[in-house]
Amino acid sequence: MNFINNNRTIFWILIFLVLINITALATYFVYIRKQASEPVPGSGFKHGIALKQELSLTPGQFLKVNEINTSYKASSEPIVTAIKEKKAILLEELTKNNTDTSLVAKLADDVVIEQKNLQAANIKQFLDLKKVCTPEQTQKLSQIYSELYGCENKGKGNGQGKGQGKGYRHRYGQQKNSGSEVPAN
């Protein structure tokens, strides 16, 4: 008790720091729980709302887009489930001491077939959405799909050249035409 009486300032500073730490931890956990309960931006009904905003859909178009997305989800969920199951079996087989390579090859082929089916469903969804959209909306939709597939602006520069250049990188190609030799790299 003598220690507390002699060092009251240190004691209250420690109590204050403990309270700050508890408050910080509580805030952190509340923030994490809040994030976990919020829906993911690309899933379910929210995806239709995102498309509505991105494409500036009319109410009639929005209803048709929701029907298309609902149909796509119903047709693609079994495929995605099958892919996950086959990949799980594949990984299980790969972790065995004596891996059956013929089974691994068959499972890999099965995954490829299912992914092909999923790609076909994606294409059907895009074509169905394209029927609902105006040409301007179709361009925006195409850009959205490019971003989803991870190939946004691939192969295109930032300029307005539309990819019609002669391929003369660093002017080495032009030097061949002028008669001078280019050192081999």
Side-chain angles (χ1 to χ4, degrees), residues 18 20-57 60-133 135 137-158 163 167 169 185:
V18 167
I20 287 178
N21 284 330
I22 291 172
T23 305
L25 284 172
T27 303
Y28 175 76
F29 287 118
V30 167
Y31 179 72
I32 292 295
R33 181 169 288 168
K34 181 181 175 188
Q35 277 187 333
S37 67
E38 291 177 358
V40 178
S43 66
F45 188 68
K46 289 289 186 184
H47 186 65
I49 292 173
L51 277 179
K52 180 181 180 182
Q53 293 171 346
E54 288 289 324
L55 301 178
S56 303
L57 297 174
Q61 286 176 317
F62 180 65
L63 290 174
K64 290 178 184 175
V65 165
N66 275 342
E67 290 173 11
I68 292 167
N69 286 341
T70 302
S71 171
Y72 168 76
K73 187 174 182 182
S75 67
S76 66
E77 275 184 3
I79 299 170
V80 171
T81 302
I83 290 171
K84 287 179 181 179
E85 288 172 356
K86 290 181 188 312
K87 283 184 176 182
I89 296 168
L90 178 65
L91 288 172
E92 185 179 313
E93 184 63 31
L94 287 172
T95 57
K96 291 181 179 177
N97 288 335
N98 296 322
T99 301
D100 182 357
T101 55
S102 62
L103 178 61
V104 167
K106 184 193 177 317
L107 289 169
D109 289 340
D110 290 347
V111 169
V112 168
I113 290 168
E114 293 298 338
Q115 287 178 330
K116 182 179 177 185
N117 293 338
L118 183 60
Q119 187 63 46
N122 289 342
I123 291 169
K124 181 184 180 322
Q125 180 195 29
F126 181 85
L127 292 175
D128 289 345
L129 290 172
K130 186 177 168 183
K131 290 176 188 175
V132 174
C133 295
Q137 290 170 330
T138 301
Q139 289 298 318
K140 289 179 183 177
L141 180 66
S142 178
Q143 181 62 35
I144 291 168
Y145 268 70
S146 293
E147 291 171 6
L148 288 173
Y149 283 162
C151 53
E152 51 193 312
N153 295 328
K154 199 159 207 126
K156 294 183 181 178
N158 292 330
R169 185 174 184 193
N185 291 341

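Put simply, CD on Q143 and OG on S146 are 5.0 Å apart, with the number rounded to the nearest 0.5 Å. L94 contributes atom CG, which lies 10.5 Å from atom OG1 of T101 (distance to the nearest 0.5 angstrom).
Contact of the L129 side chain with the L55 side chain is not registered, since no non-hydrogen atoms from C-beta on lie closer than 4.5 Å.
Smallest separation of non-hydrogen atoms from P78 and A74: CD-O, 3.2 Å. For the residue pair I79 and S75, the shortest heavy atom distance occurs at CD1-O, 3.5 Å. The two residues Q61 and V132 make their nearest non-hydrogen contact at NE2-O, 3.0 Å.
Contacts of K140 classified as salt bridge (charged side-chain N to carboxylate O under 4.0 Å, His left out), with partners at least two apart in sequence or in another chain: none. For T70, the side chain to side chain contact (heavy atoms under 4.5 Å, CB included) test picks out no residue, with sequence neighbours left out.
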Extract all donor-acceptor atom pairs below 3.5 Å that involve side chains of residues 110-124 and protein atoms in other chains or at least two apart in sequence.
from	atom 1	to	atom 2	distance (Å)
D110	OD2	K106	NZ	3.0
N117	ND2	I113	O	3.4
Q119	NE2	Y149	OH	3.0
N122	OD1	Y72	OH	2.3
K124	NZ	D128	OD2	2.8

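Judged by distance alone, with hydrogens and angles left aside, the side-chain atoms of S142 form no donor-acceptor pair with the main-chain N or O of T138 at under 3.5 Å. Judged by distance alone, the side chain of S71 and the main-chain N or O of E67 form no donor-acceptor pair under 3.5 Å.
Listed by first and then second residue, the salt bridge (Lys or Arg N to Asp or Glu O under 4.0 Å) pairs that reach into residues 82-96 are E93-K96, sequence neighbours excluded. Applying the ring pair (Phe, Tyr, Trp, His ring centres under 6.0 Å) test to every pair with at least one member in residues 75-113, sequence neighbours left out, gives no pairs at all. Identified under the ring pair (Phe, Tyr, Trp, His ring centres under 6.0 Å) test for residues 113-133, with sequence neighbours left out: F126-Y145.
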